[in-house]
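Have a look at the structure below, then the notes.
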Amino acid sequence: MARSINFLFTVLLFLGIALIVSPILAIENDDESIAAEYINDENLAAPPESSTEILLGFLKNCANTISKAAGDKVFNYIFEDENNLDYDTCSEVTGSGKECHGALVKYVTEGPMFKANHDFYLKRGEDLHNICLSVFMG
C-alpha cells in the first residue's frame, strides 16, 4: 500500500512540478468567428491522445482539480480496494468531471504496476464516479 501511495504521490508531484516549470498561457479571444474557424472536422477528429503535449496539459489541469487528500482516497478506493468514500471526496471527483477522472485513472492504470489489471481498475474508477454521482450528489 505504501508503494502505491508513493507512486501516486510521485505522479502528482511530477504534474505539479511540470505546471510550475512550464506555465500554461491563457489566450483570450473575444472574436468568436476566429475561434469557430479553428474548430473544424480535422481538429475534432484528432483525439487528445494523438498529441502527448495536449494530453499532458489536460492531465495536469485535471490533477489540479483534486486535493491531495481526495486524490489519496480515490487512489485507495480504486487500487487498494478500500470502500471508504465521503462527501468531500465525491464532491471533488464529480466537480473535476467524468473526463478528467477517467483520464487520470487511465493514465495510472497504464503504468507498470497496474497494467496487468487495466480493465478492472478502469471499471473500478468508473464505478467510483457513478457512486459519487448517485449516492453523494443525487
Could you measure the distance from the [atom1] atom of [X] to the [atom2] atom of [Y]? Nearest 0.5 Å is fine.
{"X": "C90", "Y": "L128", "atom1": "SG", "atom2": "CG", "answer": "6.0 Å"}
{"X": "N83", "Y": "N76", "atom1": "CG", "atom2": "CG", "answer": "11.0 Å"}
{"X": "L122", "Y": "K106", "atom1": "CG", "atom2": "NZ", "answer": "8.0 Å"}
{"X": "L104", "Y": "T109", "atom1": "CG", "atom2": "OG1", "answer": "10.5 Å"}

Would you please classify the geometry between the F114 ring and the F79 ring as parallel, tilted or perpendicular, with 30° and 60° separating the classes? tilted
How close do [X] and [Y] get, counting heavy atoms only, and between which atoms?
{"X": "Y77", "Y": "E82", "answer": "CD1-O, 2.9 Å"}
{"X": "T89", "Y": "A70", "answer": "CG2-O, 3.9 Å"}
{"X": "I66", "Y": "G71", "answer": "CG2-N, 3.5 Å"}
{"X": "I78", "Y": "D81", "answer": "O-OD1, 4.0 Å"}
{"X": "H118", "Y": "E110", "answer": "CE1-CG, 3.8 Å"}

Any donor and acceptor pair, going by atom type alone, linking the side chain of H101 with main-chain N or O of G125 inside 3.5 Å? yes
Taking the side chain from S91 and the backbone from Y87, do they hold a donor-acceptor pair closer than 3.5 Å?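 Checked: no pair found.
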Are any of the side-chain heavy atoms of V74 and E92 separated by less than 4.5 Å? no
After noting the C-alpha distance and the side-chain angles of V93 and H129, does the key distance pass the side chain to side chain contact (heavy atoms under 4.5 Å, CB included) rule? CA-CA 7 Å; V93 167; H129 192 269; 3.7 Å; yes
Please list, chain by chain and in numerical order, all residues satisfying side-chain hydrogen bond (donor to acceptor under 3.5 Å, both in side chains) with K123, sequence neighbours excluded. D127
